[in-house]
Amino acid sequence: MVPPVDEAVPAIASVFVVTAQRLLGDALEQLLNQEGRLQVHRLTPGAPQTMMQVINQQRPLVVIIDEELLTDELFIRARHVGENGRFQFIILSSVHNRIFICQFNHVVLAKVADLVSPIMAFLKQSPGCLQGDSL
């Protein structure tokens, strides 16, 4: 059975998978390839500078990275990738069986009131939630 097509999702979205665990990488690649509209690439773990260079050149929409490979430098560099468009960074924690989704959308503010739009968009994604989590 073919899943329904969501017109809001691009026909083919590029996804990079970065993990040192071969079995985990294979499982993620197989799972994501089943979607049919994702072009999945494995990125060999390396120096943060080198990995970000490849990401900047290839411009994937999503990068999934194993938490154990995440460094402060890589996270800081990833924040800047979204300056010219949309970018989602998913941190996979196999130890805690969780994912952390970081969306970096850089928005140029033409006026101070432009700050309200992303806040209201977030509220629409979180109906009924008026407080955040404890830090």
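Small disclaimer: the values here were computed from a predicted structure and weren't measured.
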When hydrophobic residues are tied together by side-chain contacts of less than 4.5 Å, even through go-betweens, does [X] share a cluster with [Y]?
X	Y	result
F100	I55	yes
I101	L28	yes
V62	I99	yes

What is the distance from atom [atom1] of [X] to atom [atom2] of [Y], rounded to the nearest 0.5 Å?
X	Y	atom1	atom2	answer
L70	F75	CG	CZ	7.0 Å
D66	S94	CG	OG	5.0 Å
F16	Q39	CZ	CD	9.0 Å
Q34	E29	CD	CD	11.5 Å

Can you name the residues that form a salt bridge (Lys or Arg N to Asp or Glu O under 4.0 Å) with E68, not counting sequence neighbours?
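For E68 there are no salt bridge (Lys or Arg N to Asp or Glu O under 4.0 Å) partners, ignoring immediate neighbours.
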Please identify which of these residues, D26, L24, L43, meets the side-chain contact (heavy atoms from CB on, under 4.5 Å) condition with T19.
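By the side-chain contact (heavy atoms from CB on, under 4.5 Å) criterion, T19 pairs with just one of D26, L24, L43: L24.
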Taking side chain as C-beta onward, heavy atoms only, is [X] less than 4.5 Å from [Y]?
X	Y	answer
V63	V18	yes
I12	L38	no
I64	L32	yes

Applying side chain to side chain contact (heavy atoms under 4.5 Å, CB included) to I91 and C102, what does each step give before you reach the verdict?
CA-CA 8 Å; I91 304 164; C102 308; 4.1 Å; yes
For the pair N33 (side chain) and Q30 (backbone), establish whether a donor and an acceptor sit closer than 3.5 Å, ignoring hydrogens and angles.
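It does not hold such a pair.
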Extract all donor-acceptor atom pairs below 3.5 Å that involve side chains of residues 44-53 and protein atoms in other chains or at least two apart in sequence.
none

Heavy-atom pair with the smallest gap, counting every atom of L69 and A20
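The answer is CD1-N, 3.6 Å.
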Show the nearest heavy-atom pair for residues G25 and V17, with the distance to one decimal.
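Scanning both residues, the minimum pair turns out to be CA-CG1, 4.4 Å.
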May I have the step-by-step check of side chain to side chain contact (heavy atoms under 4.5 Å, CB included) for H96 and E67, ending in yes or no?
CA-CA 10 Å; H96 298 103; E67 183 179 42; 4.1 Å; yes
Checking side chain to side chain contact (heavy atoms under 4.5 Å, CB included) for the pair H41/S14: CA distance, chi angles, key distance, verdict?
CA-CA 8 Å; H41 304 277; S14 182; 3.6 Å; yes
